[in-house]
Amino acid sequence: MKRIFSGVQPSGNLHLGNYLGAIRNFVTLQQDNDCIYCVVDQHAITLWQDPAELRQRTREVTAGYLAAGIDPKTSIIFNQSQVAAHAQLAWVFNCVARIGWLNRMTQFKDKAGKNREKASSGLYVYPNLMAADILVYKGTHVPVGENQKQHLELTRDIAQKFNNDFGVEFFPIVEPLIQGTATRVMSLRDGSKKMSSSDASDASRINMTDDADAVAKKVRRATSDSELLPDPSVVGADGQFAEDFRQARPEAANLLTIFAALTNRDLAAVVGDFEGKGFADFKKEMTEVAVGTMGQIGAEMKRMVDDPAFVDSVLRDGAERARALADPILAEVYDIVGFLRP
Ligand code: TYM
């Protein structure tokens with residue numbers, strides 16, 4: 001059986017990118033696998049978080065998991081800070097990972113921006129904690145969006161180096177699961193930028209808590225171009241848009257990709273349906289589809305956020321089950337490394 005691990009940061013609004021790129025896949029993977037889904041609050045504080053907001057957002061991400069359909073009885077849902085073994089293993093990995101490896105991480109470069117000297121040291125070693133999150137459960141498969149691929153390659157390197165250094169076959173070499181049509185959802189305002197909770201413009205994203213009116217307005221106002229919609233020849237054999245089409249018409253590519261993902265249909269079939277039509281017709285249908293899916297999840301999320309006692313009980317139970325899995329694995333790591341446990 002595969003052991004699935006993944007996480008989402010409680011550092012901003014959950015949006016359509018998080019849903020299509022990650023959370024929706026968490027739900028499908030539950031059927032035949034052993035799944036652990038984490039709200040990674042320790043990752044969130046690598047950038048400043050207001051404490052009251054962090055608590056609120058931790059509950060919100062938990063509510064998002066539940067509203068999307070993760071079953072807290074079969075899967076484990078918890079917040080990272082409640083299972084000490086993550087940070088404990090991360091320290092060991094700080095001593096396994098090489099500075100040269102971390103220097104290549106593009107997310108650090110993006111998030112630290114021009115003023116690297118002022119970035120927290122946590123932001124720099126963030127990928128080591130991410131490797132610990134997964135490997136403290138000996139996770140084998142990790143569903144994520146495209147932008148986390150480099151971090152998972154680092155996780156593989158860390159596992160391999162640990163195994164080599166200590167002459168053991170201890171950690172598995174994880175497989176990224178980058179699934180579905182929408183592994184990289186772009187901004188609704190600028191199709192060349194990733195949809196992100198840190199974008200200053202709320203119109204750039206559909207938040208999982210947006211109500212029907214907000215979703216409809218954002219779809220209507222989404223940037224488009226002046227041409228008619230293309231024919232299916234722009235879809236490659238891999239079922240995705242060809243790179244030159246994406247470059248030439250990023251907004252058309254993004255909106256059609258989102259539509260295909262939301263309706264669970266092949267991209268080529270969707271493109272075929274809209275071939276030669278204008279954006280006005282397309283957006284009318286897209287509004288209906290987006291409101292149908294996201295509106296429902298948003299309403300359910302709101303209901304749960306209003307019941308913090310329930311959300312907290314899910315996290316408490318999840319943390320207990322997670323600790324029971326992680327603690328024995330960490331103890332074995334400590335033995336391998338040579339930490340005396342008198
Ligand atoms: P985070 O919180 O930024 O994003 C959570 C998940 O959403 C995906 N995602 C997207 N997918 C498609 N299009 C987008 N525009 C988009 N934006 C976000 C992300 O790829 C991710 O899967 N480092 C991770 C959290 C993490 C983690 C882990 C993940 C910590 N430990 C261990 C897996 C395993 C992060 O910052 O994701």
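Nothing fancy with the numbering, it's 1 onward along the sequence. In listed order, ligands and their atoms are each counted from 1.
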Salt bridge or not for Lys277 and Asp281, using N-O below 4.0 Å?
no
If the threshold is 4.0 Å, N to carboxylate O, is there a salt bridge linking Asp317 and Arg321?
yes
Could you give the distance from CG (Leu188) to CG (Leu255), rounded to the nearest 0.5 Å?
6.5 Å
Output for ligand 1, non-hydrogen cut-off under 4.0 Å, lists Phe5, Ser6, Gly7, Val8, Gln9, His15, Gly17, Asn18, Gly21, Ala22, Val40, His43, Tyr126, Met130, Asp133, Ile134, Val142, Val144, Gly145, Asn147, Gln148, Thr183, Arg184, Val185, Lys194, Met195
Does a donor on one side chain sit under 3.5 Å from an acceptor on the other, for Ser192 and Asp190?
yes
For residues Ser11 and Gln49, report the shortest heavy-atom separation together with the two atoms involved.
CB-NE2, 3.6 Å
Test ring-ring contact (aromatic ring centres under 6.0 Å, His included) applied to Phe5 - qualifying residues, sequence neighbours left out
Tyr137
